[in-house]
Amino acid sequence: MAPSGSVLPQDSKSNGSAAHPPSILRVGMCNDASKDTDWEAGVSGIASILDQNSDAYNVLTEEQRESLRSVQRILLMDGGKEDVGDWAHVPRNIRESKEPSMRYLRQVFSNRGILEGLRKEDRKGKLRRAVLANSIVRNFMDGLDKAKLSAMVDEDSNGYLPREWSILKEEAKERLKVILSWDNLCRWDFNVFELEELTGGQPLLFMGWAILGSPGAQIAMAGGNLTQEEGGPTKGYGFCDMFKIPPNVLFNFIRSIEGDYVKENPYHNAIHAADVTQTAHAILEMGGVHYGADLEIFSLLLAAIIHDVGHPGYNNAFQVNEKTSLALIYNDKSVLENMHASHAFTKLMGEDAKPDIDILAGMTDRQKHTVRQFAIEAVLHTDMTTHFSTVDALKGLLATKSPEEIQTSDRAAEALWYMLHLADISNPTKPGKMKELWTDRCLEEFFRQGDKEKKLGFPVSPLCDRETTSRAEAQIGFIQYVVKPSFEVLGRLLPELEGKIMPAIDSNMEFWRTEASDEKEKEA
């Protein structure tokens, strides 16, 4: 049966209802046939056949039409998200191109791309991989319990100030009151690099406190004198009171998680985690909060904080191709994402869990279960290899339901997980110098992986060769095939977002095209 609220076409002759125009089923589909995915082509093709004005419609029997409707419903309801169908969601241009930027998109954003990097074993390669795996795991394990600062106990969520606040200079405190205000936290142009500088290298600690601890964090920074006009008590999530989380415990937990991010990573570090947390919050405040209850919103923001904890600086494809210990533990499936979630919840629920960081202690067992399951799914949705199938699944959902219907459906969680995924790839949408800072950091981490691969005698992964990679071309392909199409879908879920972000994406694309043109002129 079609899901509630669906707009699948029906035969007016057989049931008396008017048929819906096939254009409804093509909402959000790519108009350029050369860029269609197989999934989009299939959905669009079936819709055209079931159009009562088409020649094909009148040739088919009613049994054949119903069979096509069944296929159509399956495509629209789940987007064909099984692993076997992953390749069908990748745009043809990406699948067929030999360009380095397209090879990168193929490898990182689909499971099939990882398989391209596999190669035959040799004894020397096995030895190199064993040495590398041991090194990575040893470095990771050495950094697990860095943060063990004693708690400053203060059960009043509206007055708690951590010791890190007390050692800041007065001018830094005054500036933090401004940039960590509720209204400023909702800005798309939030400067997380300024936060990192002001806090002495602890951006996630203060970001997590300002968002999960709102409005108590803002009230505490203002000395308890915050008015409503200044972003006061009526602006904030109120999670600490709602879920009985002592503010010092919240701070202990975030402090511990931040200590497990690898500072040496140019990109996957605590600054990135703080940026994704703030961006996810900004998306939620553009209407995303309507897609979940308070506990789910809390779980999503918790997932943002932990989503890359312990990242070793080498991507999933590297882990799988080199058969690292992490790849062996997690069976090559979303290797790093599984590790991030497992690490965070082991700290909270494992045998060695410490009560002074247990932010879930005040919840019921059912609430704890919900938080863990929701946050795990959210983190797993940040695996880039499922990107194209996830986008198509949302397109299919939007073809059968309005945003308002999705908000009250049993698939609302998918929309929230999608929001976190887009927050994770949002750097190319940010205005001004921030897009360049993030691009350079990301490429430097790629280049370090490429340097390691060269040193070990392995093939260099796409975009990981510092001698051949074009910064501009890499961004152009990323924006054209990944960022812009996925944010267009998000804009249909959150209409407010479309007007605020799409112009910035177009502006940034023009910036990179100009840089690419300049690069070619220099080479000529």
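Remember, it's a predicted structure, so these values are computed and weren't measured experimentally. Basis for what follows: all heavy atoms, side chains included, without hydrogens, waters or symmetry-related copies.
The salt bridge (charged side-chain N to carboxylate O under 4.0 Å, His left out) test applied to Glu436 returns Lys433, Arg471, not counting sequence neighbours. By the salt bridge (charged side-chain N to carboxylate O under 4.0 Å, His left out) test, Glu523 is found to be paired with no residue, residues two or more places apart in sequence or in another chain being considered. The salt bridge (charged side-chain N to carboxylate O under 4.0 Å, His left out) test applied to Glu194 returns Arg175, not counting sequence neighbours. Judged as a ring pair (Phe, Tyr, Trp, His ring centres under 6.0 Å), and not counting sequence neighbours, Trp512 has no contacts. Lys368 is linked by a side chain to side chain donor-acceptor pair (under 3.5 Å) to nothing, counting only residues two or more places apart in sequence or in another chain. Taking His421 as the reference, His387 meet the ring pair (Phe, Tyr, Trp, His ring centres under 6.0 Å) condition, with sequence neighbours excluded. Residues forming a side chain to side chain donor-acceptor pair (under 3.5 Å) with Asn265 (at least two apart in sequence, or on another chain): none. Residues passing the side-chain contact (heavy atoms from CB on, under 4.5 Å) test with Ala303 are Ala375, Ala378, Val379, Leu420, sequence neighbours excluded. Evaluation of the ring pair (Phe, Tyr, Trp, His ring centres under 6.0 Å) rule for Phe447 yields no partner, not counting sequence neighbours. Qualifying ring pair (Phe, Tyr, Trp, His ring centres under 6.0 Å) partners for Trp417, counting only residues two or more places apart in sequence or in other chains: Phe374, His381.
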Going by atom type alone, with no hydrogens or angles, which donor-acceptor pairs under 3.5 Å involve a side-chain atom of residues 495-504 and a protein atom two or more places apart or on another chain?
| residue | atom | partner | partner atom | Å |
| --- | --- | --- | --- | --- |
| Glu496 | OE2 | Lys500 | NZ | 2.8 |

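Here the side chains of Arg492 and Glu488 are not in contact, with every heavy-atom distance at 4.5 Å or above. In this structure, the side chains of Tyr237 and Leu212 stay at 4.5 Å or more apart for every pair of heavy atoms.
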| task | Show the numbers, then the answer: is there a side-chain hydrogen bond (donor to acceptor under 3.5 Å, both in side chains) between Asn508 and Gln475? | result | CA-CA 9 Å; Asn508 290 348; Gln475 287 302 292; over 6 Å; no
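Applying the salt bridge (Lys or Arg N to Asp or Glu O under 4.0 Å) definition to pairs two or more places apart or across chains, none involves residues 286-310.
A salt bridge is defined here as a Lys NZ or Arg NE, NH1 or NH2 lying under 4.0 Å from an Asp or Glu carboxylate O, and Asp260 with Lys347 meets this definition.
Geometrically, Lys430 does not engage Trp438 in a cation-pi contact defined by less than 6.0 Å to the ring centre and at most 45° from the axis. Stacking of Lys452 on the aromatic ring of Tyr314 is not recorded, the 6.0 Å distance cut-off and the 45° axial limit not both being met.
Ring pair Phe298/Phe239 is perpendicular by interplanar angle, where above 60° counts as perpendicular and below 30° as parallel.
In Glu467, the CD atom is not crowded: 12 or fewer heavy atoms of neighbouring residues, nucleotides or ligands sit closer than 6.0 Å.
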